[in-house]
Amino acid sequence: MFQKFGDLLSKVILLVFLSIGCTTIHYQSNETIPVLWGSQKELTDETKVVLGKKDFYLWGLYPKSQSVFLDDEFKKVGLQKVNKTVIEEFQTVLDKIKEYATLGMYIPKRYKLIGHGKKVD
């Protein structure tokens, strides 16, 4: 009876260990274009979505943090001013499988940036 409880306990501890990661993605601006959080109707011509991915290793310990520069990402898709910015972080099912299969040695994190703004003329 205690052996079965010990096996169950070890599996629960392993699952908890695999679910805890130290990944951090910093979203910032280097001020090449204005990136605003609020809504300004005169700035909104178009909505753009940017998808990206950052990889972490060794249970999220390397690199300690990754940076995403919002203005550079939105500038790549043709916006010169951005407002109503939305940031979402997520993992796909395949990302989770990779994380569990490598016991946390590799952790892919994806992000989605949504910005409403003015197109480059």
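From a predicted model like this one, the values you see are computed outputs, not experimental measurements. Quick note: residue numbers are just sequence positions, from 1.
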Practice prompt. Taking ring-ring contact (aromatic ring centres under 6.0 Å, His included) as the test, write out the residues that go with F69, two or more places apart.
Written response: none
Do [X] and [Y] belong to the same hydrophobic cluster, where Ile, Leu, Val, Met, Phe, Trp and Tyr are linked whenever their side-chain heavy atoms lie under 4.5 Å apart, directly or via other members?
X	Y	answer
F56	V68	yes
I87	V50	yes
Y111	I114	no

Return the [atom1] to [atom2] distance between [X] and [Y], rounded to the nearest 0.5 Å.
X	Y	atom1	atom2	result
I107	Y100	CD1	OH	10.0 Å
M105	L61	CE	CG	10.0 Å
T102	L58	OG1	CG	10.0 Å
Y106	Y57	OH	OH	5.5 Å
K98	Q91	NZ	CD	11.0 Å

Partners meeting side chain to side chain donor-acceptor pair (under 3.5 Å) with [X] (sequence neighbours left out):
X	answer
E88	none
E89	Y27
E73	none

Closest heavy-atom pair and its distance - [X], [Y]:
X	Y	answer
T85	F74	CG2-CE1, 4.1 Å
Q28	S67	NE2-OG, 3.0 Å
V82	G115	CG1-CA, 3.8 Å

Item to complete: Could you pull out all residues at least two apart from D71 that satisfy salt bridge (charged side-chain N to carboxylate O under 4.0 Å, His left out)?
Response: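 Not a single residue meets the salt bridge (charged side-chain N to carboxylate O under 4.0 Å, His left out) criterion with D71.
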Worksheet item: Is it the case that H116 and T47 place a side-chain donor and acceptor less than 3.5 Å from each other?
Response: yes
Worksheet item: Between T24 and Q66, does any side-chain donor sit less than 3.5 Å from a side-chain acceptor?
Response: no
Discussion item. Can you confirm whether D72 sits close enough to N30 that some side-chain heavy atom of one is under 4.5 Å from a side-chain heavy atom of the other?
Written reply: yes
Worksheet item: Are any of the side-chain heavy atoms of L113 and L70 separated by less than 4.5 Å?
Response: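 Answer yes - side chains close enough.
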Worksheet item: Quick check: are there more than 12 heavy atoms from other residues, nucleotides or ligands sitting under 6.0 Å from OH of Y62?
Response: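 Counting neighbours around OH of Y62, 12 or fewer heavy atoms of other residues, nucleotides or ligands fall under 6.0 Å, so no.
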Discussion item. For residues 47-68, which residue pairs pass the salt bridge (Lys or Arg N to Asp or Glu O under 4.0 Å) check, not counting sequence neighbours?
Written reply: E46-K48, K53-D55
